[in-house]
2 protein chains.
Amino acid sequence: MYVTASPSINDDFIVVRTPQPSIAKQTTITIKPGKHLFLEDDPADLIYEVASGVLRLTRIMEDGRRQVIAFGYPGDTVGFPSNGHYHTDCDALVPTTLIVHRRSDLESAKGDPDLHLRLLRAALREISGMQDHFMMLGRKSSIEKLASFLTVLSTRVGEPLGELTQIALPMTRADIADFLGLTTETISRTFTQLRKSQIIAIDHVNTVIILKPVALRAIAQGDND
Amino acid sequence: MYVTASPSINDDFIVVRTPQPSIAKQTTITIKPGKHLFLEDDPADLIYEVASGVLRLTRIMEDGRRQVIAFGYPGDTVGFPSNGHYHTDCDALVPTTLIVHRRSDLESAKGDPDLHLRLLRAALREISGMQDHFMMLGRKSSIEKLASFLTVLSTRVGEPLGELTQIALPMTRADIADFLGLTTETISRTFTQLRKSQIIAIDHVNTVIILKPVALRAIAQGDND
DNA sequence: CGTGGGTTTGACCACCATCAATGCACGTGG
DNA sequence: CCACGTGCATTGATGGTGGTCAAACCCACG
């Protein structure tokens with residue numbers, strides 16, 4: 001069953017029109033885990049800003065090989081159109097709340113100029129962020145990839161835990177593997193390796209504590225031994 | 001020696017102000033092979049549209065590992081800023097002519113709205129194009145990568161040669177390797193493999209003729225044997 | 001308890017990297 | 001015009017990293 005991306009009332013979306021005191025009213029939707037926000041080649045009329053939760057942007061080849069393009073965390077904007085269409089699938093990993101913008105808010109300067117600029121900046125940030133990802137996919141070893149991944153997550157969404165930093169991982173090992181261009185087995189082995197060398201601790205499967213952030217960062221950049 | 005990216009008269013750039021009949025005047029520069037247009041972390045005040053020639057966008061790690069982010073062909077736009085800075089190096093592979101735009105042409109809607117929209121669309125196309133590259137880097141075998149690369153080049157810049165299509169490769173094997181996340185040796189071997197299976201012919205080292213476009217496309221998508 | 005999805009671990013192997021030698025084209029100077 | 005040097009490409013031999021296949025494990029569910 002395909003899910004429409006329109007912010008209409010159905011099983012998958014909860015639509016809320018939040019009246020803003022001064023400015024225009026803002027539309028937000030909430031999407032459940034596993035539900036799709038949009039699919040590749042869907043006509044792209046809406047752009048979404050993550051308010052809370054985590055999204056997963058993916059592309060799939062005919063034979064099933066999958067690449068996770070990005071994880072959408074609060075503050076990220078997803079759904080930038082090209083030729084009027086989305087070019088990835090997008091679904092939620094956890095209950096996720098999104099601020100809905102119209103494509104015209106980005107493409108036309110007629111409306112709210114502040115919003116227009118904000119969306120444009122988000123697009124440019126997107127381009128910039130993808131470049132790091134390129135380096136990771138193309139030129140880093142498995143341990144460098146995972147260390148990079150954890151380092152980025154740590155600064156973006158790490159929660160302080162005493163002196164240390166804790167990271168929640170709402171995605172599966174397979175998701176991380178498809179993000180880094182590896183397999184779940186390699187991800188698992190590499191986690192074990194980092195754990196055994198006391199650089200991280202794995203509390204629950206989905207909760208990592210960074211014990212040696214400096215060492216992790218060093219590995220991420222290739223300062224190996 | 002670092003090269004300024006400002007369109008001023010020096011050894012590296014030839015500045016031409018082309019008076020446009022009806023609209024505003026357009027500034028173009030010409031840059032020689034090997035010369036840098038900008039470097040990573042340079043303040044980004046200008047955005048460039050390739051009119052002719054080929055650019056190379058790269059990122060380099062401290063230890064020298066390199067990732068070619070993109071090749072800039074005519075019609076491509078390069079130099080999208082993030083936080084006011086470039087985030088790749090950029091140099092020319094062949095003599096290249098560029099149309100110069102100001103960053104404000106993209107970021108502000110005050111000026112020429114057509115130009116503004118055109119640059120915005122270019123940025124969105126950029127995001128879209130990078131997604132294919134992700135799939136290539138993360139999830140494809142060496143032969144699939146090279147076949148994908150040649151297929152894209154074929155449709156973008158292939159020149160008809162009788163019934164067939166010919167592709168000029170202004171970049172070295174090392175450039176292709178760093179674009180695809182492989183080594184020069186693997187690129188060379190894979191070229192040989194494609195040549196021996198009669199899918200391509202290599203006229204000069206830098207000139208490839210596509211003999212079986214369908215087969216090449218099939219390999220690119222993983223329809224192997 | 002029992003089932004099942006995700007994770008971990010192990011054994012083995014393939015693909016691609018690495019190291020090294022050779023080939024080839026081109027430019028320069030004798 | 002040839003000898004040489006240089007940079008890039010090709011080819012070969014070998015090894016390591018990460019993939020594949022398979023089994024065990026661990027919880028969170030019912």
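A, B, ... follow the sequence lines: proteins, then strands. Residue 1 opens every chain.
Counting to the nearest Å, the P atom of C:dT8 and the CG atom of A:L194 are 12 Å from each other. Between A:L180 atom CG and D:dT17 atom P there is a gap of 18 Å when expressed in whole angstrom units. Taking atom CG of B:D178 as the reference point, atom C1' of D:dC8 lies 14 Å away to the nearest angstrom. Atom C1' of nucleotide C:dT7 and atom CD of A:Q193 are separated by 17 Å, given to the nearest angstrom. Between the P atom of C:dA25 and the CD1 atom of B:I202 lies a distance of 13 Å, rounded to the nearest Å. Distance CE (B:M171) to C1' (D:dA9): 16 Å, rounded to an integer number of Å. The distance between atom CG of B:D175 and atom C1' of D:dC8, rounded to the nearest whole Å, is 11 Å. Taking atom CG of residue A:L169 and atom P of nucleotide C:dG6, one finds them 16 Å apart after rounding to whole Å.
The CG atom of B:L164 sits 10.5 Å away from atom OG of B:S154, with the distance rounded to the nearest 0.5 Å. Taking OG1 from B:T151 and CD1 from B:I210, the interatomic distance works out to 6.0 Å, rounded to the nearest 0.5 Å. Here the straight-line distance linking atom CG of B:L124 with atom CD1 of A:I127 works out to 8.0 Å at 0.5 Å rounding.
Regarding contacts with the backbone of C:dT7, every side-chain N or O of A:R195 stays at 4.0 angstrom or more from both OP1 and OP2.
Between A:H101 and A:Y48, the distance separating the two ring centers is not shorter than 6.0 angstrom. Aromatic ring centres of B:F80 and B:H87 lie farther apart than the 6.0 Å criterion allows.
Cation-pi check for B:R139 over B:F134 is not met; the charged atom does not lie both under 6.0 angstrom from the ring centroid and within 45 degrees of its normal.
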Per-nucleotide protein contact string for nucleotides 25-30 of chain D, where B marks a base within reach and S marks sugar-phosphate only (heavy atoms under 4.0 Å, - for neither): ---S--

Heavy-atom contacts, protein to nucleotides 12-19 of chain C, under 4.0 Å, summarised as B (base), S (sugar-phosphate only) or - (none) per nt, yield ----SSBB

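Listed for the B:T192 side chain is a donor-acceptor partner under 3.5 Å among the backbone atoms of B:S188.
Taking the six-membered ring for Trp and thresholds of 30 and 60 degrees, B:F71 and B:F149 have ring planes inclined between 30 and 60 degrees apart.
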